[in-house]
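Below is one structure, written out as structure tokens; comments come after it.
In what follows, every heavy atom counts, from backbone to side chain, and hydrogens, waters and symmetry copies are set aside.
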Amino acid sequence: KQWYQRRVAITSGLSLLFVGINPGLYSAYKGHYYSKKGNHFWPCLVQSSLVPSNFGPENDQDCLSLETSIGFTDIVSRCTRAQSELKDEEFDEGVREVRA
């Protein structure tokens with residue numbers, strides 16, 4: 001499954017933007033942010049009351065339309081097993097893109 005070509009969930013006027021380093025292989029395969037079982041991101045977000053109690057990775061796009069609109073992106077769009085596989089140039093380019 002080829003999911004990650006700078007997949008972003010961003011619109012103008014966001015209340016909150018989560019910026020990851022790069023997608024892991026499992027999240028890239030599933031097509032949703034922070035989707036690997038055991039990742040505490042979604043349970044913590046639910047516990048914060050920023051999203052409904054039934055929200056999980058499959059609702060990442062739905063977060064854009066919440067009253068407290070939440071977006072997601074990554075500095076580097078290439079998925080890897082480990083952050084150490086990324087090159088400095090990828091970070092530099094990604095930071096420029098996210099800031100734009």
Side-chain angles (χ1 to χ4, degrees):
K1 196 182 217 181
Q2 187 64 21
W3 169 63
Y4 223 86
Q5 197 62 307
R6 175 80 50 197
R7 181 178 185 277
V8 268
I10 299 177
T11 59
S12 61
L14 288 173
S15 301
L16 180 61
L17 176 62
F18 287 102
V19 181
I21 294 171
N22 76 310
L25 296 177
Y26 188 81
S27 290
Y29 173 74
K30 294 302 261 181
H32 296 287
Y33 286 93
Y34 310 107
S35 60
K36 189 170 184 178
K37 291 196 187 303
N39 188 311
H40 298 289
F41 178 84
W42 286 100
C44 289
L45 192 58
V46 165
Q47 206 168 31
S48 75
S49 300
L50 290 171
V51 300
S53 61
N54 63 335
F55 265 37
E58 65 283 353
N59 299 107
D60 53 4
Q61 293 289 323
D62 300 326
C63 289
L64 293 169
S65 59
L66 296 172
E67 184 178 338
T68 303
S69 56
I70 300 170
F72 301 90
T73 193
D74 294 293
I75 296 294
V76 178
S77 60
R78 183 169 66 93
C79 60
T80 60
R81 290 186 191 277
Q83 175 187 339
S84 61
E85 297 174 35
L86 300 172
K87 299 175 182 155
D88 289 342
E89 297 80 27
E90 291 177 288
F91 281 107
D92 294 342
E93 180 182 341
V95 167
R96 282 192 299 274
E97 288 180 16
V98 170
R99 286 184 174 171

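Taking 4.5 Å as the limit, every side-chain heavy atom of V46 sits out of range of all side-chain heavy atoms of P43. Within the 4.5 Å cutoff, the side chain of L66 has heavy atoms near those of the F55 side chain. Side-chain contact between V95 and I75 is present, with at least one heavy-atom pair separated by less than 4.5 Å.
The distance from atom NZ of K30 to atom NZ of K36, rounded to the nearest 0.5 Å, is 13.0 Å.
Each of Y26 and F41 belongs to its own hydrophobic cluster when Ile, Leu, Val, Met, Phe, Trp and Tyr are linked at side-chain heavy-atom distances under 4.5 angstrom.
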Practice task
Could you walk me through whether L14 and F72 pass the side-chain contact (heavy atoms from CB on, under 4.5 Å) test, one step at a time?
Solution key: CA-CA 10 Å; L14 288 173; F72 301 90; over 6 Å; no
Practice task
Could you go through the side-chain contact (heavy atoms from CB on, under 4.5 Å) check for T80 and N22 one step at a time?
Solution key: CA-CA 7 Å; T80 60; N22 76 310; 2.8 Å; yes
Exercise for the section: Using the side-chain contact (heavy atoms from CB on, under 4.5 Å) rule, take Y34 and L45 through it: C-alpha gap first, then chi angles, then the decisive distance, then the call. Expected result: CA-CA 11 Å; Y34 310 107; L45 192 58; over 6 Å; no
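Of all heavy-atom pairs spanning W42 and Y33, the tightest one is NE1-O, 2.9 Å. The minimum heavy-atom distance linking R78 with E85 is given by the pair NH2-O, 3.0 Å. Nearest heavy-atom pair across V51 and I70 is CG1-CD1, 3.9 Å.
Partners of L25 under the side chain to side chain contact (heavy atoms under 4.5 Å, CB included) rule, at least two apart in sequence or in another chain, are C79, R81. When the side chain to side chain contact (heavy atoms under 4.5 Å, CB included) test is applied to S15, the partners found at least two apart in sequence or on another chain are T68, S69. Considering only residues two or more places apart in sequence or on other chains, Q47 meets the side chain to side chain contact (heavy atoms under 4.5 Å, CB included) condition with none of them.
Here the side chain of E93 pairs no donor or acceptor atom with the backbone of E90 at under 3.5 angstrom.
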